[in-house]
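Please read all numbers here as calculations on a predicted model, not as lab measurements. All ligand and atom numbering here is 1-based and tracks the order in the structure.
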Amino acid sequence: MSKTLTLPPLTEDLAQVLVDAATIDRRVNEIAAEINRDYRDIEEPLLLIGVLKGSFIFLADLCRRLTIPHVVDFIAISSYGSGGATQGNVRLLMDIREDMTGRDVLIVEDILDSGHTLAYLQRNFQTRGAKSVRIASFLDKPERHKVDIKLDYMGFTIPDVWVVGYGLDYKEKYRTLPYIAEMYPVH
Ligand code: IMP
Ligand code: MG
């Protein structure tokens with residue numbers, strides 16, 4: 001799966017490509033097919049909630065492959081304090097606009113790391129009366145989990161390294177790379 005990089009100006013921080021664009025494309029097709037199958041009898045449109053900013057590219061690719069009725073909304077979360085999300089210090093920065101009461105909700109996230117962000121969102125959405133809450137995360141770093149989160153849809157499992165591209169950033173850089181790359185451990 002590893003490929004050498006072909007974008008010289010961006011390479012000084014990046015060790016290797018972990019998931020190339022063609023592999024991402026195939027996997028997103030598969031995930032969309034699973035969602036189309038699982039929600040085929042849905043009555044109200046599925047509420048896709050993208051967690052800003054990291055999920056926006058995955059969400060854009062995913063929702064364009066859905067054949068079931070769906071609507072798109074966004075939420076922003078901030079991690080604060082030393083250690084950020086890793087310590088469970090998570091709060092809501094920008095809420096969705098849709099009403100989620102009685103709705104089937106699919107949280108769309110870039111990566112499951114410690115799990116605090118997704119645990120917070122799951123709890124929050126359940127108390128707001130969602131009919132169902134499932135999670136699609138493009139990446140999963142199992143070695144980093146601190147709380148138990150069950151992913152309903154998952155793209156790729158990766159080792160405990162910092163990755164960028166396909167929506168994920170390092171200090172706002174590298175988000176729009178078309179592949180997932182591993183950074184050298186400078187963070
Ligand atoms: P959590 O620790 O599971 O709450 O994840 C918090 C957030 O950290 C994720 O939603 C990502 O936005 C970000 N994150 C975690 N690992 C990485 C990474 O390797 N690259 C880029 N962002 C990451
Ligand atoms: Mg995120």
**OP:** For the pair Phe138 and Phe156, name the ring-plane relationship: parallel under 30°, tilted 30 to 60°, perpendicular over 60°.
**Re:** perpendicular

Original post:
Numbering the atoms of ligand 1 from 1, which are under 4.0 Å from a heavy atom of Lys141?
Top reply: 16 (N), 17 (C), 18 (C), 19 (O)

Original post:
Applying a 4.0 Å heavy-atom criterion (strictly less than), which segment of Val161 is in contact with ligand 1: side chain, backbone, both, or neither?
Top reply: backbone

Original post:
Less than 3.5 Å between some nitrogen or oxygen of Leu112 and one of ligand 1, yes or no?
Top reply: no

Original post:
Using 4.0 Å as the upper bound for N to carboxylate O, is an ion pair formed by Asp20 and Arg26?
Top reply: no

Original post:
Shortest non-hydrogen contact from Ile49 to Phe74?
Top reply: CG2-C, 4.4 Å

Subject >> Option nearest atom 10 (O) of ligand 1 (shortest heavy-atom distance, choices Glu182, Lys53, Met183, Glu109) >> reply: Glu109

**OP:** Within a distance under 4.0 Å of any heavy atom of Leu168, pick out the atoms of ligand 1 and give their elements.
**Re:** 20 (N), 21 (C), 22 (N)

Subject >> Atoms in ligand 1 flagged as close to Ser114, the criterion being non-hydrogen separation under 4.0 Å >> reply: 1 (P), 2 (O), 3 (O), 4 (O)

Original post:
Which is it for Arg144 and ligand 1 at heavy atoms under 4.0 Å: side chain, backbone, both or neither?
Top reply: neither

Original post:
Can a salt bridge be assigned to the pair Asp152 and Lys150 using a cut-off of 4.0 Å between side-chain N and carboxylate O?
Top reply: yes

Original post:
Looking at ligand 1, does any of its N/O atoms fall within less than 3.5 Å of an N/O of Gly115?
Top reply: yes

**OP:** Enter the distance from Ile158:CD1 to Ile111:CD1 here, rounded to the nearest 0.5 Å.
**Re:** 4.0 Å

Original post:
Any luck finding a side-chain donor-acceptor pair between His116 and Asn89 under 3.5 Å?
Top reply: no

Original post:
Is Leu106 close to Leu47 at the side-chain level, that is, under 4.5 Å between some pair of heavy atoms?
Top reply: no

For residues 93-103, which side-chain donor-acceptor pairs fall under 3.5 Å, sequence neighbours excluded?
unit_1: Asp95; atom_1: OD1; unit_2: Arg128; atom_2: NH1; d: 3.4
unit_1: Asp95; atom_1: OD1; unit_2: Arg128; atom_2: NH2; d: 3.0
unit_1: Asp95; atom_1: OD2; unit_2: Arg128; atom_2: NH2; d: 3.0
unit_1: Glu98; atom_1: OE1; unit_2: Arg103; atom_2: NH1; d: 3.4
unit_1: Asp99; atom_1: OD1; unit_2: Thr101; atom_2: N; d: 3.0
unit_1: Asp99; atom_1: OD1; unit_2: Thr101; atom_2: OG1; d: 2.7
unit_1: Arg103; atom_1: NH1; unit_2: Asp99; atom_2: O; d: 3.3

**OP:** Number the atoms of ligand 1 from 1 as they appear, then name those within less than 4.0 Å of a heavy atom of Thr117, with their elements.
**Re:** 1 (P), 4 (O), 5 (O), 6 (C)

**OP:** Please state whether Val164 comes within less than 4.0 angstrom of ligand 1, counting heavy atoms only.
**Re:** no

Original post:
Side chain or backbone of Asp169 under 4.0 Å from ligand 1, or both, or neither, by non-hydrogen atoms?
Top reply: backbone

